[in-house]
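One structure below.
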Amino acid sequence: MPQARRRSLFRPCIDLHNGEVKQIVGGTLHEDDASRLKTNFVASYPSSHYASLYKEHGLEGGHVIKLGPGNDRAAKEALATWPGGLQIGGGITAENAREWLDAGASKVIVTSYLFPEGKFSLERLKAVSTAVGKDRLVVDVSCRRRGDKWLVAMNKWQTITDMEVGEESLALLAEYCSEFLVHAADVEGLCQGIDEELVARLGEWVTIPTTYAGGAKSVSDLELVDRLSQGKVDLTFGSSLDIFGGTLVKFDDLVKYNADALQRL
């Protein structure tokens, strides 16, 4: 009897902006012009509430993302609620990465640090990988579409870098990290559907665990991602989710989906 292949799973998130849990339209976060920011949701609960919820349901592999300054306290509060259960990203460097592991993060997530002046630095990738160990490092290859390509975007997805997301670049990065996080910034927060072509390509390209975020609007998107990626890519839900003020997806349904998917293995 052939062994059942891995199934794509739901991975939770906690996005922090100005110390609060929020859901933001990905392409509207500008450092120099706050008026352009489009916010879908601002939580009345602290970050620890969501960390506790994810812990209660055993939803490992979730990520806490600090979108700009003023989020360290809220991030550490979430990590302290579930030590070893959540990853942390946003402003991570080779110099401070170990501090965040000590604060309770299971892994650290890096993007902007790897791209000084928008240009990829293998030296910096090696430095942060050495600082924390390959097994504790996630590279965020969040991207924006340009023609028929996807280019890594940094600085809250506003700066396009010189790295194209593809088999070659992902293979290089995978030598120094244990996981990828991919925000499709063009569809992030819009609840208008995932970037199906990107998910399918990721399924062809990736050789390590990968989580995709951007546009998910239905529990059935998990089945779609599973089919497109052959179970190689997991899916994060944000603005569509009821715990973030959304009306399209129920958190309990995602918990049930994960339990069913894991039971089939």
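Just so you know, these numbers come straight off a predicted model, no measurement behind them. FYI, the numbering just counts along the sequence from 1.
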Could Arg144 and Asp186 be called an ion pair, given the rule that one side-chain N must be under 4.0 Å from one carboxylate O? yes

Assign the ring pair Phe115 / Phe120 to parallel, tilted or perpendicular, where the plane angle (0 to 90°) is split at 30° and 60°. tilted

More than 12 heavy atoms of other residues, nucleotides or ligands under 6.0 Å from CZ of Arg73: yes or no? no

Working for side chain to side chain contact (heavy atoms under 4.5 Å, CB included), residues Leu16 and Ser47: CA-CA 8 Å; Leu16 299 172; Ser47 60; 4.1 Å; yes

If you look at every heavy atom in Thr111 and Met154, which pair is closest and at what distance? CG2-CB, 4.3 Å

Worked verdict on Val199 versus Glu196 for side chain to side chain contact (heavy atoms under 4.5 Å, CB included): CA-CA 5 Å; Val199 170; Glu196 295 185 28; 5.8 Å; no

Test your reading of the model: is there a side-chain donor-acceptor pair from Ser8 to the backbone of Val233, 3.5 Å cut-off? yes

Just how far is it from atom NE2 of His17 to atom CD1 of Ile65, taken to the nearest 0.5 Å? 13.5 Å

Membership question, hydrophobic clusters at under 4.5 Å side-chain separation (ILVMFWY): are Val21 and Val42 in the same one? no

Separation between OG1 (Thr93) and CZ (Arg98), nearest 0.5 Å, reads 13.0 Å

Taking C-beta and beyond as the side chain, do Thr211 and Val138 meet within less than 4.5 Å on heavy atoms? no

Would you confirm whether Thr161, through its side chain, and Val152, through its main-chain N or O, come within 3.5 Å as a donor-acceptor pair? yes

What one should report as the nearest heavy-atom pair of Phe180 and Leu173 is CE2-CB, 3.7 Å

Interatomic spacing from CG in Leu59 to CG in Leu53 - rounded to 0.5 Å: 7.5 Å

Minimum-distance pair of heavy atoms, taken over all atoms of Ala127 and Tyr113: CB-OH, 4.1 Å

Checking the side chain of Ser169 only, and the main-chain atoms of Gly166 only, is there a donor and an acceptor separated by less than 3.5 Å? yes

Main chain of Gln87, side chain of Lys107: is a donor-acceptor contact present, judged purely on distance under 3.5 Å? no

Hydrophobic clustering (ILVMFWY, side-chain heavy atoms < 4.5 Å, transitive) - are Leu122 and Ile208 grouped together? yes

Measure across Leu170 and Trp205 and return the closest heavy-atom pair with its distance rounded to 0.1 Å. CD1-CB, 3.8 Å

What distance separates Lys217 NZ from Gln192 CD, expressed to the nearest 0.5 Å? 8.0 Å

Under a 3.5 Å distance rule, please check whether Asp234 uses its side chain to pair with a backbone N or O of Phe10 as donor and acceptor. no

If I take atom CD1 from residue Ile109 and atom CG from residue Asp140, how far apart are they, to the nearest 0.5 angstrom? 6.5 Å

State which residues pass salt bridge (Lys or Arg N to Asp or Glu O under 4.0 Å) with Lys76; sequence neighbours excluded, sorted by chain then number. Glu99

Ignoring hydrogens, what is the shortest heavy-atom contact between Asp195 and Arg145? Give both atom names and the distance. OD1-NH1, 3.9 Å

For residues Ile92 and Ala97, report the shortest heavy-atom separation together with the two atoms involved. CG2-CB, 3.9 Å

Under a 4.5 Å cut-off applied to non-hydrogen side-chain atoms, are Leu202 and Lys232 in contact? no

Parallel, tilted or perpendicular, as decided by the 30° and 60° cut-offs, for the rings of Tyr50 and Tyr54: tilted

Please test Cys177 against Val110 for side chain to side chain contact (heavy atoms under 4.5 Å, CB included), starting from the C-alpha separation and ending with a verdict. CA-CA 10 Å; Cys177 68; Val110 292; over 6 Å; no

Joint cluster assignment, Val182 & Ile160, ILVMFWY side-chain distance < 4.5 Å: no

Note: Asp242-Lys250 ion pair, threshold 4.0 Å (strictly below): no

With sequence neighbours left out, the residues meeting salt bridge (Lys or Arg N to Asp or Glu O under 4.0 Å) with Lys66 are Asp72

Spatial distance of atom NZ (Lys55) from atom OG (Ser48) [nearest 0.5 Å]: 11.5 Å

Given 3.5 Å as the limit, does a donor-acceptor pair link the side chain of Ser240 with the main chain of Val249, or not? no

Has the side chain of Arg136 got a donor or acceptor atom that lies under 3.5 Å from a matching backbone atom of Ala105? yes

Membership question, hydrophobic clusters at under 4.5 Å side-chain separation (ILVMFWY): are Leu228 and Val219 in the same one? yes

So, the side chain of Ser178 versus the backbone of Leu137: is there a donor-acceptor pair under 3.5 Å, distance only? yes

Taking a hydrophobic cluster as the set of Ile, Leu, Val, Met, Phe, Trp and Tyr residues connected by side-chain heavy atoms closer than 4.5 Å, whether directly or through intermediates, do Val225 and Val255 fall within one such cluster? yes

Identify the residue among Asp260, Asn258, Asp226 that makes a side chain to side chain donor-acceptor pair (under 3.5 Å) with Arg7. Asp226

Expected output: side-chain Thr236 to main-chain Ala213 donor-acceptor under 3.5 Å: no

Should Glu197 and Arg201 count as an ion pair when the cut-off is N to O under 4.0 Å? yes

Run Ile243 and Tyr45 through side chain to side chain contact (heavy atoms under 4.5 Å, CB included) and show every step you take. CA-CA 10 Å; Ile243 61 171; Tyr45 295 109; over 6 Å; no

